Amino acid sequence: MADNSKEQLFQLIKRLTLKISNLFSISLHNLGSQSIGAVAGLAIAIFFTWRLLRSPGGTQRRQRKRQPTTTSTSPGVSSQSNASVVPPGVGLPSDDSRAQNVVDEFFQPVKPTLSQIVRQKLSEGRKVTCRLLGVILEESSLEELQKRATVKSSVLEVLLEITKFCDLYLMERVLDDESEKRVLVALEDAGIFTSGGLVKDKVLFCSTENGRSSFVRQLEPDWHIDSNPEIISQLARFIKYQLHVSPLTTEQTAANVFSAPTLEQFFGSI
């Protein structure tokens with residue numbers, strides 16, 4: 001019996017080693033909170049699995065083996081009673097399979113929250129600059145802004161998550177003061193200023209594209225998000241990371257430049 005327990009423990013250690021080797025195939029730089037939590041909980045998994053291996057399963061089987069067979073004047077009734085305990089073809093779960101179930105259940109992947117995804121995608125960046133046209137707003141041209149300004153409903157959740165832990169600045173080029181007012185009203189109506197992470201003073205306006213580029217360089221963000229490929233190209237050597245938002249598939253122009261059809265799709269929220 002002791003040799004059997006040792007063999008079970010040996011098999012368990014092999015399975016845990018395989019799980020941990022897969023876990024550490026990711027570089028330490030990219031380890032998330034979930035991976036660290038899994039490593040921290042390894043000792044707990046080993047402890048409870050060890051307790052499981054020493055569970056009274058084996059004792060119960062020995063006790064069942066020692067129970068004398070009840071004599072009965074009706075052998076047929078006795079056979080049916082014994083058959084009902086363990087149906088034909090169904091075996092009792094072994095300690096080995098129960099230990100495997102514990103390991104698999106402990107390492108079951110958990111779906112990350114949007115907040116965790118945003119933090120991971122932005123590499124824990126603390127300052128973000130983002131243009132409005134074509135990214136936050138439905139409109140994609142300056143002429144459209146002279147008529148209306150509409151915040152994309154699909155981007156709101158991601159935008160509010162970013163403001164929870166990032167210093168966010170929104171910026172846009174406008175042709176007149178009315179366009180500027182129209183954009184601020186649209187942002188306010190969408191509830192962006194009520195979350196506490198963004199204020200109107202962090203919504204910047206300029207009259208030229210070079211003005212927006214100058215804003216970004218002065219703020220020195222960890223991330224800049226833009227829909228203009230020329231601005232993305234100009235800032236590539238000054239900004240740590242950039243996201244080019246474009247409905248068309250584009251080639252990666254630099255190692256620090258990423259692309260996505262929309263901001264929300266970059267974070268996988270839709």
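What you see is a predicted model; the values in this text were computed from it and never measured. Only this structure's heavy atoms are used, side chains among them; waters, hydrogens and symmetry mates stay out.
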Steps toward side-chain hydrogen bond (donor to acceptor under 3.5 Å, both in side chains) verdict (D176, Q146): CA-CA 8 Å; D176 52 42; Q146 290 183 303; 2.9 Å; yes
Ignoring hydrogens and angles, tell me if any N or O in the side chain of R182 forms a donor-acceptor pair with the backbone of A149 under 3.5 Å. no
Please examine the side chains of S154 and T262, heavy atoms only from C-beta on, and report whether any two atoms are closer than 4.5 Å. no
Donor-acceptor pair, side chain of Q120 and main chain of I117, under 3.5 angstrom: no
Is there side-chain contact between V257 and Y241, with heavy atoms separated by less than 4.5 Å? no
Please answer: with hydrophobic residues joined when any side-chain heavy atoms are less than 4.5 Å apart, are L168 and M171 in the same cluster? no
Over all heavy atoms of both residues, which pair between V151 and A186 is shortest? Give the atoms and the distance, please. CG2-O, 3.5 Å
Can you sort out the partners of S123 under side-chain hydrogen bond (donor to acceptor under 3.5 Å, both in side chains), two or more places apart, ordered by chain and number? none
Looking at side-chain heavy atoms only, is the closest gap between L187 and L132 below 4.5 Å? yes
Carefully, step by step, assess K152 and E264 under the rule salt bridge (charged side-chain N to carboxylate O under 4.0 Å, His left out). CA-CA 10 Å; K152 297 167 61 176; E264 54 271 33; 3.7 Å; yes
Are V155 and V245 in one and the same hydrophobic cluster, where Ile, Leu, Val, Met, Phe, Trp and Tyr link if side-chain heavy atoms are under 4.5 Å apart? yes
Report yes if some heavy atom in the side chain of E180 is under 4.5 Å from a heavy atom in the side chain of L145; otherwise report no. no
Cationic tip of R126 above F165 ring, under 6.0 Å, 45° of axis: no
Distance from E157 atom CD to I162 atom CD1, nearest 0.5 Å? 11.5 Å
Check the hydrophobic clustering (I, L, V, M, F, W, Y; side-chain heavy atoms under 4.5 Å; chains of links allowed) and say if V185 and V199 are grouped together. no
Does N256 reach the side chain of R237, with side-chain heavy atoms less than 4.5 Å apart? no
If I take atom CG from residue L263 and atom CZ from residue F267, how far apart are they, to the nearest 0.5 angstrom? 5.5 Å
Before giving the answer on salt bridge (charged side-chain N to carboxylate O under 4.0 Å, His left out), spell out for E161 and K164 the whole-Å C-alpha distance, their side-chain angles and the decisive distance to 0.1 Å. CA-CA 5 Å; E161 285 295 338; K164 287 180 181 179; 3.1 Å; yes
Just checking, is any N or O donor in the side chain of S233 or E230 under 3.5 Å from an acceptor N or O on the other one? no
Examine distances only and state if a side-chain atom of S227 and a backbone atom of L133 form a donor-acceptor pair shorter than 3.5 Å. yes
Testing the basics here: between D226 and R131, what is the closest heavy-atom pair and its distance to 0.1 Å? OD1-CD, 3.2 Å
Would you find a donor on one side and an acceptor on the other, under 3.5 Å apart, between the side chain of Q218 and the backbone of F215? no
Say you draw a straight line from CG of L219 to OH of Y169; how long is it, rounded to the nearest 0.5 Å? 5.5 Å
Counting distance only, does the side-chain N/O of D222 pair as donor-acceptor with the main-chain N or O of K240 below 3.5 Å? no
Between Q234 and the options I239, N210, N228, the side chain to side chain contact (heavy atoms under 4.5 Å, CB included) test singles out N210
Keeping to residues at least two apart or across chains, list the salt bridge (charged side-chain N to carboxylate O under 4.0 Å, His left out) pairs with something in residues 199-209. D167-K202, E188-K200, E209-R212
Say whether, by atom type as modelled, one donor and one acceptor occur between the side chain of Q265 and the main chain of A260 under 3.5 angstrom. no
Note: T150 and E139 closest approach over all heavy atoms is N-OE1, 2.8 Å
Quick check against the 3.5 Å criterion: does K127 have a side-chain atom that pairs as donor or acceptor with the backbone of C166? no
Roughly how far apart are L160 CG and L198 CG, rounded to 0.5 Å? 9.0 Å
How long is the gap from CD1 on I225 to CD on Q242, to the nearest 0.5 Å? 10.0 Å
Closest heavy-atom pair and its distance - I232, L243: CD1-O, 3.8 Å
What closest approach, in Å, do L142 and E172 show between heavy atoms, and which atom pair accounts for it? CD2-OE2, 4.3 Å
Any donor-acceptor pair under 3.5 Å from W223 side chain to L122 backbone: yes
Decide whether V128 and F258 are clustered together by the hydrophobic rule: side chain heavy atoms of Ile, Leu, Val, Met, Phe, Trp, Tyr closer than 4.5 Å, transitively. yes
Answer with yes or no whether the hydrophobic clustering places V135 together with V203; edges join I, L, V, M, F, W, Y residues whose side-chain heavy atoms lie under 4.5 Å apart. yes
For the atom pair CD1 (I136) and SG (C130), what is the distance rounded to the nearest 0.5 Å? 4.0 Å
Non-hydrogen atoms of G211 and C206 that approach each other most closely: C-SG, 3.9 Å
